[in-house]
There are 2 protein chains.
Amino acid sequence: MVAKIEHKTRTGCPVACVLDIVGDHWTLLVIRNMMFLGLHEYKDMLETEEKISSSILSNRLKKLETDGLIASIDHPESKRRKLYYLTSMGKDLIHMMLEMVLWANRNIDHLLTIPEDKLLLLKNDPDKFKALVLVQIEEWEKEYLS
Amino acid sequence: MVAKIEHKTRTGCPVACVLDIVGDHWTLLVIRNMMFLGLHEYKDMLETEEKISSSILSNRLKKLETDGLIASIDHPESKRRKLYYLTSMGKDLIHMMLEMVLWANRNIDHLLTIPEDKLLLLKNDPDKFKALVLVQIEEWEKEYLS
DNA sequence: TATATATACTTCTATTATAGAAGTAATATG
DNA sequence: CATATTACTTCTATAATAGAAGTATATATA
């Protein structure tokens, strides 16, 4: 039996509910770290180019865990390290994340600096891109989650 | 010739860029007002159930206009009223918005209070749902934008 | 014409969130 | 045993937010 997770939401509007969970400057970047950059550790997320502050990262990881989008385990090689990973709820954000990226590609192309080939695959075959991302996640899971 | 709009973004990561434009508690609710609720006036947006404050609404409408996601005209019937509407860039957010709603439907269903029939259409035929939303927007445009 | 009201804001203030620096406790490495 | 690494927490200055109140202009009503 799984305890029902409590979210505080402003209203029952799905847009408002989603924003109450991931609607801030940092939460979706943490998700990006795990989903697209394959990061699983605190120290690695601290070092991403957006320079998230230690307190915010800690705070967001906790909220994401409380909200059920991520989970964590001890690193098998060290007790002082933790591994964070996406739950099915977190992984399911891939569709929304991809639409964000595609919107950016269509509308603010000039601001982006991701590699051309990645962008092309994303654009021409978003489903394949999703599948590739999910395969990478699964491979990590096979290795670290028994 | 159209002036290039300047956005300040943390980095060239598409996720970070999109978050710099719409990544806060209120911006996407304003978009929702215009996209799904068919609202076009300040006063109507003030009265939505999330109870946005006047200063935040004003602030977000300005930022959205600066960022090129919405535009505004005087109300044809009254000079003291303004009509806000989505630009093509704003309308193009529909794909992302829909994925947000679908994620909510799949993962936090118990928190939502939108009508069952709307949810069913959304779920079973998201493309039709999108088309309907866009048709409504186009009808408004035909009436108010020459 | 004078007065009241509507609309789209702006201003003010208290509270909350954020960023950045520094500190801490537990573990691991040399 | 000394030093370093990791995952935080704590502190503080700055910025953002919410809510109440005020303002300017346009329109409606007596």
Side-chain angles (χ1 to χ4, degrees), chain A residues 7-11 13 16 19-31 33-34 37-67 70-85 144, chain B residues 7-11 13 16 19-31 33-34 37-67 70-85 144:
Chain A
H7 298 274
K8 269 186 201 161
T9 54
R10 283 173 283 198
T11 64
C13 166
L19 290 177
D20 285 334
I21 297 171
V22 302
D24 72 273
H25 287 301
W26 293 107
T27 299
L28 286 180
L29 275 183
V30 175
I31 297 288
N33 291 341
M34 305 174 80
L37 305 184
L39 303 183
H40 296 271
E41 296 193 50
Y42 192 89
K43 67 174 192 315
D44 295 327
M45 301 198 208
L46 266 186
E47 283 164 12
T48 53
E49 56 172 351
E50 286 86 10
K51 296 294 167 221
I52 188 168
S53 93
S54 181
S55 49
I56 304 271
L57 177 57
S58 170
N59 175 306
R60 290 311 184 283
L61 287 169
K62 278 203 185 80
K63 181 161 192 291
L64 282 168
E65 213 163 345
T66 305
D67 287 348
I70 68 171
S72 65
I73 50 167
D74 285 346
H75 194 294
E77 283 171 18
S78 165
K79 279 188 182 173
R80 78 183 168 200
R81 289 163 75 186
K82 269 173 101 173
L83 292 174
Y84 295 96
Y85 60 94
Y144 290 98
Chain B
H7 297 273
K8 267 184 202 164
T9 54
R10 282 173 283 196
T11 64
C13 166
L19 290 177
D20 285 334
I21 297 172
V22 301
D24 71 274
H25 288 300
W26 294 108
T27 299
L28 286 181
L29 275 183
V30 175
I31 297 287
N33 291 340
M34 306 175 81
L37 306 183
L39 303 183
H40 296 271
E41 297 194 49
Y42 193 88
K43 67 173 192 314
D44 295 327
M45 300 198 209
L46 266 186
E47 283 163 11
T48 52
E49 57 171 352
E50 286 85 11
K51 298 292 167 224
I52 190 169
S53 93
S54 182
S55 50
I56 305 272
L57 178 56
S58 171
N59 175 305
R60 289 312 184 282
L61 287 169
K62 276 202 187 79
K63 180 157 193 293
L64 282 168
E65 214 163 342
T66 303
D67 286 348
I70 69 171
S72 64
I73 48 167
D74 285 346
H75 194 294
E77 284 170 18
S78 165
K79 280 188 183 173
R80 77 182 170 203
R81 290 161 77 186
K82 267 174 101 173
L83 292 175
Y84 295 95
Y85 60 94
Y144 290 99

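Every chain is numbered from 1, with letters handed out A, B, ... down the list of sequences.
- With A:Tyr42 as the fixed residue, the side-chain hydrogen bond (donor to acceptor under 3.5 Å, both in side chains) test singles out one of A:Ser72, A:Ser54, A:Ser58: A:Ser54.
- Rounded to whole Å, the distance from CD on A:Glu50 to P on C:dA19 is 12 Å.
- Between C:dC9 and B:Lys43, no contact under 4.0 Å exists linking OP1 or OP2 to a side-chain N or O.
- As rounded to whole Å, 16 Å separates atom P of C:dA17 from atom CD1 of A:Ile52.
- Spacing between atom CD of A:Glu65 and atom P of D:dA7 amounts to 13 Å, rounded to whole angstrom units.
- Shown here for A:Val22 and A:Thr27, the closest heavy-atom pair between the two residues is CA-CG2, 3.9 Å.
- Whole-Å rounding puts the B:Asn33 CG to C:dA8 P distance at 14 Å.
- The interatomic distance linking B:Glu41 (CD) with D:dT27 (C1') rounds to 14 Å, in whole Å.
- In this structure, A:Leu83 places its CG atom 12 Å from P of D:dT6, rounding to the nearest Å.
- For B:Lys79, the NZ atom counts as loosely surrounded, since its 6.0 Å shell holds 12 or fewer non-hydrogen atoms of other residues, nucleotides or ligands.
- Once rounded to the nearest 0.5 Å, the distance linking CG of A:Asp20 with OG1 of A:Thr11 reads 7.5 Å.
- Rounded to an integer number of Å, the gap from B:Tyr42 OH to D:dT25 C1' is 15 Å.
- Within residues 73-81 of chain A, the residues having any heavy atom closer than 4.0 Å to DNA chain C are, in order of number, A:Ser78, A:Lys79, A:Arg80.
- The stretch residues 53-64 of chain A touches DNA chain D through A:Ser54, A:Ser55, A:Ser58, A:Lys62, each having a heavy atom within less than 4.0 Å of the strand.
- Spacing between atom CG of A:Asp44 and atom P of D:dC8 amounts to 13 Å, rounded to whole angstrom units.
- Atom CD of A:Glu77 is separated from atom CG of A:Leu83 by 9.0 Å, given to the nearest 0.5 angstrom.
- For A:Lys51, the NZ atom is densely surrounded, since the number of other residues' heavy atoms within 6.0 Å is greater than 12.
- A sub-4.0 Å separation between OP1 or OP2 of D:dA16 and a side-chain N or O of B:Trp26 is absent.
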Exercise for the section: Assess whether side chain to side chain contact (heavy atoms under 4.5 Å, CB included) is satisfied between B:Arg60 and B:Asp24, documenting all intermediate values. Expected result: CA-CA 10 Å; B:Arg60 289 312 184 282; B:Asp24 71 274; 3.1 Å; yes

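- For the atom pair A:Tyr84 OH and A:Leu64 CG, the distance stands at 10.5 Å (nearest 0.5 Å).
- Where B:Asp24 and A:Tyr84 each meet DNA chain D at their nearest nucleotide, the meeting point lying more 5' is that of A:Tyr84.
- Side-chain contact check for A:Met45 versus A:Ile52: every heavy-atom pair is 4.5 Å or farther apart.
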